**Q** 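Here it is, the structure, as C-alpha cells.
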Amino acid sequence: MTTVSQAVTPERISPINTIQHGLIATSRSLLRLRSNPAEIIGLTFQPLMFVALFVFVFGQALMGSWQDYRDFVLPGIIVQMVAFATIGTGMTLFTDIDKGIFDRFRSLPIARSAPLIGAVLGDLVRYVLSLVVILVVGFLIGFRPPGGVVGTLAGAGVVLIFALALCWIWVYLGLIAKTAMTLQMYAMTLMFPLTFGGSTFVSPEQMPDWMAWFASVNPVTSVTDTVRGLMLGGPVAGPFAMTLLWSAAIAVVFFPLAVRAYVRRT
Amino acid sequence: MTYAIQAEGLVKNFGTTRALDGVSLRASAGRVLGVLGPNGAGKTTAVRVLATLIAPDAGHATVNGFDVVRDAHQVRRRIGLTGQYAAVDEELSGAQNLVLIGRLLGLPGPQARARAAELLAEFDLTDAGDRRVKTYSGGMRRRLDLGASLVGRPSVLYLDEPTTGLDPRSRGQLWEMVRKLVADGVTVLLTTQYLEEADHLAHDIVVIDHGKVIATGTPDQLKDRVGGQILNVQPVMLEELDRLAGVVREVTGVEPNQGDTSVSAPVDDPAVLPAVVRRLDAAGIGVAELALRKATLDEVFLALTGHTAEPGGEPDAPAPSTPSEQPQQHVRTPS
Ligand SMILES: Nc1ncnc2c1ncn2[C@@H]1O[C@H](COP(=O)(O)OP(=O)(O)OP(=O)(O)O)[C@@H](O)[C@H]1O
Ligand SMILES: [Mg+2]
C-alpha cells in the first residue's frame, strides 16, 4: 500500500489559497453535474419543452408565423431559462447546509468563502449549459440570428452577467430558508412574474398599461431587449445600460446580505 | 496530564432556548471523552462550538491550546468532525468525496487519491468506492463519513452520536475503529445517548442535561453513583404493585421507581436479591419476574437529577416494558 504523507495545510489562508479552495469546491459542483445524468436531462429538457411549446403552440397564433415568433422568442427563453437556473444555486446551497456538508467544509482549514465560490462558479457552468441547449435547439429549428456568432456570444455574455448578479438573491434565500418548500415558494412567486411579466414572450406594447409599466421596469425586459438587440439587431445601448444598472443593484443589495447570512450560519 | 480539549463555562442561546448553560469539560490527550445526554441536552451544540462551527455566547474553549474562536483556523488544522448526520455528498462516489477533501487539505491529486484508497480499504468500502453514496446503506455512509473526517489525520476527533441508527454489528465495527484511532494517539470526543457505548469506549464521561454538566467521572465512578445495578420486580397481580414497592423500599433503602407493571430500584449489593425474595415471600406477594440488570442511561439520569432523561416520556422507559398481557402469562407459569 502506498504511504501517504501528512497533508500540509497552510498556516494561514492567503488569497491564493482562497482561489485554490474555491476552484476545488467548484470542481465538486462539476463532478456532481457529471455524475448525475438526471440533472443534465432536467437541465436539457426544460429548455427543450419551452422552445417547443412557445414556438410551435403559440407561435402561429401570436405572430402569424412560427418562424417569426421563433426568432423573437428564443432570446426571451434564453433569459428565462438561465434565470430559472439561478434558483438551482439556492437549492444546492440549501441542501448542502441541510445535509451538513457545509459543516464538514467549515470544519476544514480552508478559505471560509470556498464553498460559496464553489457553488456560484460551479453553477455558472450549469447556466452556460442551459444556454447552449437552447441555442442548439434553436439552430436545429432554423434560428439563424442576424447578429451572427459575435452577436450571439455577446448576448450570451449579457445573460451570464445578469445571472451572476441574480444568483445572489438565491444564495441569500438558500441560506436563510428554513425548508426546501419555502425556498420553492419564493422561487415561484418571484420568478414567474419576473420572467413572464416582461418582454420575454410578447412585446409589452400589447399589454394593458399597468402591466406594460411593470414590464418596462422589469430587469428581465432590459436583459431580453439587450439580447434581442445583439442577436437580432435593434437598440442595444439603452437596455444594456439598464441591465448593468439592475445587475449592479441586485448584486449590491444581495451580495452583502448573502455574505452576512453565510457568516451568521458560520 | 495535558488536555487536548478544554472548555470553560460555555453558554449558547438559540432564541429563548439555552442550549448550553455553562458547560465546562476537559478531554485528556489520547483518551476518549464520552459526552452523555438525552435528546436536546446540548451535545451537538457543544460539539459545534468545539469544532469552530458556532461561537459561544459566553465562555471559551481551546483545542490543543488554540482558542476555538480566535484561532479557529489553527483549531481546524487539528480536528476531524463526524457530525450527527452523515455529511457526505450523495451525488458523488465515496472515493470522490474523500479525494475532494484531500485536495482541499492540500494533497496533490495522486496523493489525495492514494489517501482515499487507503481510507476506503480501512473502512471496508473498497468495493463500493466508485459507487454513488446515494446507493450506500446507513452503516456504509457512517463509515465513509468517519473516513472523511480522518483524511487530514486529525489529532482531535469529534464523533456526534456515531452509532445512532446502526445495527449491532456496524456499531461493533465502529467501536473497533475508534479504539484503533485512540491506540494511534488520537483524542476522541464522542457524544452518545447510550450508557453502554460510553461504557465500552470512553475513559472519561461527562453527563449533560438541559445544557448543564450534571456529572463527570470515569464510567465506573458514574455507575457507582447510580448503584451498580437495577433491581426489577414484577408482581403477579398488579394490585400488589404498591405493597411490592413498599417492600423494595424497605430492603434497598431507596425510593423505588414504580412503573405500570413493575418496580425498579438501584442496588449496590447483589445480596439484596435473596433478601427481597424472602421478604416478598413473607408478605405473600407473588412474583412474576425478578431480575438484576445493568443501569440504563435513564436510571443514571434518575439517580443524578431526579427526573427521567426523556421529559414527558414514560417514567420507567428503559425497563423491559412489558406488554399488558405478559403478567397473565406469568400467572400460568408458576415461578
Ligand atoms: N440552530 C438551532 N436553532 C434553534 N434551536 C436549536 C438549534 N440547535 C439546537 N437548538 C436547541 O438547543 C437544544 C440543544 O440541542 P442539541 O442539538 O445540542 O441537543 P443534542 O444533545 O445534540 O440532542 P440530540 O440527542 O437530539 O441530538 C435543543 O433544545 C434544540 O432544540
Ligand atoms: Mg445532537
Side-chain angles (χ1 to χ4, degrees), chain A residues 1-14 16-40 91-92 95-112 114-115 117-119 122 262-266, chain B residues 44 47-48 50-55 71-93 96-97 99-108 110-119 121-122 130-134 145 148-149 151-154 158 160:
Chain A
M1 171 134 300
T2 14
T3 43
V4 186
S5 62
Q6 166 80 51
V8 184
T9 50
E11 190 68 39
R12 60 169 49 81
I13 299 292
S14 68
I16 292 178
N17 294 138
T18 305
I19 295 170
Q20 280 170 347
H21 297 154
L23 288 180
I24 296 168
T26 307
S27 75
R28 163 176 171 247
S29 312
L30 302 185
L31 270 179
R32 280 169 67 100
L33 196 63
R34 213 179 57 189
S35 62
N36 194 351
E39 197 177 336
I40 295 188
M91 289 286 179
T92 318
T95 327
D96 279 357
I97 292 171
D98 203 39
K99 294 243 153 113
I101 293 173
F102 257 45
D103 282 353
R104 153 84 23 82
F105 283 145
R106 288 189 4 237
S107 72
L108 297 176
I110 59 171
R112 287 317 241 178
I117 296 173
Y262 179 73
V263 173
R264 275 254 172 95
R265 290 204 81 139
T266 304
Chain B
T44 299
V47 167
R48 288 172 62 81
L50 296 173
T52 76
L53 297 181
I54 48 174
D71 300 320
H73 180 68
Q74 294 301 332
V75 172
R76 290 182 196 125
R77 292 178 71 195
R78 290 160 174 86
I79 60 169
L81 169 67
T82 302
Q84 188 166 357
Y85 306 100
V88 280
D89 191 333
E90 306 212 325
E91 306 294 341
L92 300 187
S93 71
Q96 284 172 332
N97 267 288
V99 170
L100 179 78
I101 291 169
R103 302 273 291 123
L104 283 170
L105 291 176
L107 290 175
Q111 295 251 4
R113 281 189 289 278
R115 178 72 178 136
E118 198 174 85
L119 285 165
E122 204 168 316
D130 289 328
R131 253 166 52 199
R132 282 211 280 164
V133 174
K134 234 182 196 156
D145 200 35
S149 65
V151 174
R153 301 179 198 277
Y158 301 111
D160 194 1

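All chains are named by letter (A, B, ...) in the order of the sequence lines, taking the proteins before the strands, and each is independently numbered beginning at 1. What you see is a predicted model; the values in this text were computed from it and never measured.
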**Q** Listed by chain and number, what are the side-chain hydrogen bond (donor to acceptor under 3.5 Å, both in side chains) partners of S14(A), not counting sequence neighbours?
**A**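 Once residues adjacent in sequence are excluded, the partners of S14(A) under the side-chain hydrogen bond (donor to acceptor under 3.5 Å, both in side chains) criterion are N17(A).
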**Q** Considering only heavy atoms, which portion of S93(B) lies under 4.5 Å from any heavy atom of chain A: side chain, backbone, both, or neither?
**A**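 Contact with chain A: none, neither part.
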**Q** Is it the side chain or the backbone of Q84(B) that comes within 4.5 Å of chain A heavy atoms, both, or neither?
**A**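 For Q84(B), neither part sits under 4.5 Å from chain A.
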**Q** If I measure from the heavy atoms of chain A, does D145(B) come under 4.5 Å with its side chain, its backbone, both, or neither?
**A**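 Contact with chain A: backbone and side chain both.
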**Q** Between F105(A) and chain B, with a heavy-atom cut-off of 4.5 Å, which part of the residue counts as in contact: side chain, backbone, both or neither?
**A**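 The answer is the side chain of F105(A).
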**Q** Any salt bridge between R48(B) and D160(B), counting N to O under 4.0 Å?
**A**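 Salt bridge absent between R48(B) and D160(B).
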**Q** Taking only residues two or more places apart in sequence or in another chain, which ones pass salt bridge (Lys or Arg N to Asp or Glu O under 4.0 Å) with R77(B)?
**A**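 Counting only residues at least two positions away or on another chain, R77(B) forms a salt bridge (Lys or Arg N to Asp or Glu O under 4.0 Å) with E11(A).
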**Q** Do the side chains of D89(B) and K99(A) get close enough for a salt bridge, i.e. N-O under 4.0 angstrom?
**A**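 No, this pair does not count.
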**Q** Any salt bridge between E91(B) and R131(B), counting N to O under 4.0 Å?
**A**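 Salt bridge between E91(B) and R131(B), a charged N being under 4.0 Å from a carboxylate O: no.
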**Q** Could you tell me which of P108(B), A72(B), S149(B) has the largest number of non-hydrogen atom pairs under 4.5 Å with chain A?
**A**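 Result: the option with the highest number of such pairs is S149(B).
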**Q** Does any heavy atom of chain B fall under 4.5 Å from the side chain of S27(A), the backbone, both, or neither of them?
**A**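 Only the side chain of S27(A) comes within 4.5 Å of chain B.
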